[in-house]
Asks: 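Got a structure here, written out as structure tokens. Questions coming.
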Amino acid sequence: MMPFLKVLLWPFTILYNLVTRVRNYLFDIGQKPSFKFDSIVISVGNLNVGGSGKTPMVEYLVRLLGTRYKVAILSRGFGRKTHGFRIASDDDNATTLGDEPYQYYLKFGKEVSVCVGEERALAIPTILNERPFTQIILLDDAFQHRTVVPQFSILLTEFSRPFYSDFVLPFGRLREARSGADRADAIIVTKCSTLLNQEDVVKKIRKYARQQPIYFSSIFYKEAVPFSGGQSVGKRVVLVSGIANSSTLESFVAKNFQLQKHFRFNDHHFYTVGDLLKIQAFVHEQDVDSILTTEKDMVKLISPQLQGDLDKTKWFYLPVETSFLDRGADFDKLVLNMVDENLRLLHDQNL
């Protein structure tokens, strides 16, 4: 960013910082209402705008908790064309739910309830009414949504763009001041390289978060999955992505394939027929074997509106999962103990 532009943005950053600090203070002293519910609420979020690995983290929690407890996922449903509360069903798609909730539904819809709703404090009672046996609600991207009090709050920060080196909007990418990290119950540094100085990162985080456990995780891409059929992915590929930060993805593809071109779109981009025709024309002209994309993009590309123009024989998506560099078992134990303790408390309160 040009230095003179930074100077122009700084007064707005001061104002935004003041507004968010006042808002948080009002929540802290009880002047703005917050609500607790008769279920365990686990919040997953970050301080910055853009991707920090929230979706893989929610999926990690589903795998950890989904076979033990009755779980629901609640998301705002960013980018969807519908409004209000909605429980996902087989009649839905990325347009009606949003890309990430629909991804959750395709993967876990038989195990958990996937719900969307802009007003989470209103959506949670509806979930408990519609799905009365729900024990755990996972809030996706809800660290700043303080009208709901979670029993456990997980803050994610990306290793290459940590919150402690960033600034409040619009000068930087933070939604609130760095000190907001102290509200978290656990902090996970995501998308880590194995070559990192954990002690140095912990020391910097400790300036803003005094005693929360800190974990380090990475993401790994699984084998490419065809949109249809049993064909295998080729070596010469193009990459298509509409995610907040595609640098890790591009590095992986460039390392493991012969990357010919990367078609980059904005985060949550909904694809058009024109987009498809442009991509597939390049593939045909350059004799490219396959088109790789993300799971998040796949759920939009399979929409009924695009099926007549989508060459499924060329398209593959790369599933991604979270893994801990170390102490993953400690994190699992922390979460499971918290859930069991709160379930006992809820049981005792309802006697």
Side-chain angles (χ1 to χ4, degrees), residues 24 27-28 33-47 52-76 100 104 108 111-115 117 120-121 123-125 127-128 131 133-157 163 175-176 179-190 202 205-206 208-217 322-324 327-350:
N24 281 324
F27 274 112
D28 291 340
S34 298
F35 302 96
K36 286 188 176 182
F37 299 93
D38 289 335
S39 67
I40 298 168
V41 176
I42 300 176
S43 169
V44 177
N46 53 11
L47 290 181
S52 295
K54 293 185 295 294
T55 301
M57 190 65 230
V58 170
E59 293 185 356
Y60 182 94
L61 291 171
V62 170
R63 294 186 183 96
L64 176 65
L65 302 169
T67 59
R68 295 175 170 92
Y69 310 98
K70 297 295 184 181
V71 175
I73 303 172
L74 175 58
S75 172
R76 181 177 48 159
E100 289 157 350
Y104 297 143
F108 305 113
E111 306 167 35
V112 306
S113 300
V114 178
C115 312
R120 292 174 173 117
I124 290 176
I127 293 173
L128 298 178
R131 300 285 193 270
F133 298 109
T134 300
Q135 296 169 294
I136 301 171
I137 297 175
L138 303 177
L139 292 186
D140 184 13
D141 194 14
F143 194 74
Q144 286 76 35
H145 197 89
R146 298 199 60 188
T147 54
V148 174
V149 180
Q151 276 78 12
F152 197 76
S153 181
I154 300 170
L155 176 67
L156 309 181
T157 186
F163 76 87
R175 301 170 179 177
E176 59 175 295
S179 57
D182 204 39
R183 293 200 310 275
D185 296 295
I187 297 173
I188 303 177
V189 184
T190 64
V202 169
I205 291 175
R206 283 286 175 248
Y208 307 99
R210 293 163 290 183
Q211 58 185 8
Q212 293 83 349
I214 299 171
Y215 303 91
F216 293 83
S217 72
T322 287
S323 64
F324 286 86
R327 299 175 56 234
D330 292 345
F331 175 79
D332 294 353
K333 184 177 180 180
L334 176 68
V335 173
L336 292 171
N337 287 345
M338 177 277 301
V339 169
D340 288 340
E341 179 180 348
N342 279 278
L343 284 177
R344 285 194 296 270
L345 290 174
L346 289 171
H347 178 267
D348 292 344
Q349 290 171 8
N350 293 326

Asks: Closest approach of Tyr69 and Leu343, non-hydrogen atoms and distance?
Replies: CE2-CD1, 3.6 Å
Asks: Given 3.5 Å as the limit, does a donor-acceptor pair link the side chain of Thr190 with the main chain of Ser52, or not?
Replies: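 Confirmed, Thr190 side chain pairs with Ser52 backbone.
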Asks: For Gln211 and Asp182, does a side-chain donor sit closer than 3.5 Å to a side-chain acceptor?
Replies: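 On atom types as modelled, these side chains do not qualify, holding no pair under 3.5 Å.
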Asks: For residues 53-65, dump all side-chain donor-acceptor pairs below 3.5 Å to protein atoms at least two apart in sequence or in another chain.
Replies:
residue : atom : partner : partner atom : Å
Lys54   : NZ   : Gly50   : O            : 3.4
Glu59   : OE1  : Lys107  : NZ           : 2.8
Glu59   : OE2  : Gln103  : NE2          : 2.8
Tyr60   : OH   : Asp332  : OD1          : 2.6
Tyr60   : OH   : Asp332  : OD2          : 3.3
Arg63   : NH2  : Glu321  : OE2          : 3.3

Asks: Would you indicate whether the side-chain heavy atoms of Val149 and Val41 approach each other to under 4.5 Å?
Replies: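 SC-SC contact between Val41 and Val149 ruled out.
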Asks: Please examine the side chains of Asp141 and Glu100, heavy atoms only from C-beta on, and report whether any two atoms are closer than 4.5 Å.
Replies: no
Asks: Any chance you could measure Ser113, atom OG, to Leu138, atom CG, to the nearest 0.5 Å?
Replies: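 Atom-to-atom, Ser113:OG and Leu138:CG are 11.0 Å apart.
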Asks: Which pair of heavy atoms, one from Phe35 and one from Ala121, lies closest together, and at what distance?
Replies: CD1-CB, 4.1 Å
Asks: Are the side chains of Leu334 and Pro213 in contact, using a 4.5 Å heavy-atom criterion?
Replies: yes
Asks: Side-chain contact test, heavy atoms from C-beta onward, threshold under 4.5 Å: evaluate it for Arg120 versus Leu139 and give yes or no.
Replies: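 When only atoms from C-beta onward are counted, Leu139 and Arg120 do touch, with a gap below 4.5 Å.
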Asks: Would you sort out whether Phe324 and Asp330 count as a side chain to side chain contact (heavy atoms under 4.5 Å, CB included), showing the intermediate values?
Replies: CA-CA 10 Å; Phe324 286 86; Asp330 292 345; over 6 Å; no
Asks: Please report the closest heavy-atom contact between Gln151 and Asn342, naming both atoms and the distance.
Replies: CG-OD1, 3.3 Å
Asks: Evaluate Ile40 against Phe152 for side chain to side chain contact (heavy atoms under 4.5 Å, CB included), listing each step before the verdict.
Replies: CA-CA 8 Å; Ile40 298 168; Phe152 197 76; 6.0 Å; no
Asks: Hey, does the side chain of Glu176 reach the backbone of Leu47 with a donor-acceptor pair shorter than 3.5 angstrom?
Replies: no
Asks: For Ala209, does its backbone N or O pair with a side-chain atom of Arg206 as donor and acceptor, under 3.5 Å?
Replies: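 Present.
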Asks: So do Phe37 and Leu346 actually touch side chain to side chain, heavy atoms under 4.5 Å?
Replies: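 When only atoms from C-beta onward are counted, Phe37 and Leu346 do not touch, as no gap falls below 4.5 Å.
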Asks: Considering non-hydrogen atoms only, spot the tightest contact between Gly45 and Phe143 and give its length.
Replies: CA-CB, 4.0 Å
Asks: I would like to know whether Asn46 and Arg175 meet side chain to side chain contact (heavy atoms under 4.5 Å, CB included); could you show each step before the answer?
Replies: CA-CA 9 Å; Asn46 53 11; Arg175 301 170 179 177; 3.7 Å; yes
Asks: Identify the heavy atoms of Ser75 and Asp140 that sit nearest to each other, and give their distance.
Replies: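 So the two residues come closest at OG-OD2, 4.0 Å.
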Asks: Just verifying a value: how many Å separate Ile73 CD1 and Ile127 CD1, rounded to the nearest 0.5 Å?
Replies: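 Taking CD1 in Ile73 and CD1 in Ile127, the distance rounds to 10.0 Å.
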Asks: Side chain to side chain contact (heavy atoms under 4.5 Å, CB included) for Ile188 and Phe331? Distances and angles first, verdict last.
Replies: CA-CA 10 Å; Ile188 303 177; Phe331 175 79; 3.8 Å; yes
Asks: Rounded to the nearest 0.5 Å, what separation is found between the OG1 atom of Thr134 and the CG atom of Asp38?
Replies: 12.0 Å
Asks: For the pair Gln212 (side chain) and Arg210 (backbone), establish whether a donor and an acceptor sit closer than 3.5 Å, ignoring hydrogens and angles.
Replies: yes
Asks: Determine whether a donor-acceptor pair (N or O, by modelled atom type, separation under 3.5 Å) exists between the side chain of Arg183 and the backbone of Ser153.
Replies: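 Side chain of Arg183 to backbone of Ser153: no pair is present.
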Asks: Heavy atoms only: give me the nearest Phe27-Ser34 pair and the separation to one decimal.
Replies: CD2-OG, 3.3 Å
Asks: For the residue pair Arg344 and Glu341, establish whether any side-chain heavy-atom pair is separated by less than 4.5 Å.
Replies: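 Yes. Closest side-chain heavy atoms under 4.5 Å.
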Asks: Do you know which of Ile187, Val44, Thr322 makes side-chain contact (heavy atoms from CB on, under 4.5 Å) with Leu156?
Replies: Val44
Asks: For the residue pair Asp185 and Met338, establish whether any side-chain heavy-atom pair is separated by less than 4.5 Å.
Replies: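 In short, these two side chains do not touch, never coming nearer than 4.5 Å.
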Asks: Side-chain contact test, heavy atoms from C-beta onward, threshold under 4.5 Å: evaluate it for Val112 versus Tyr104 and give yes or no.
Replies: no
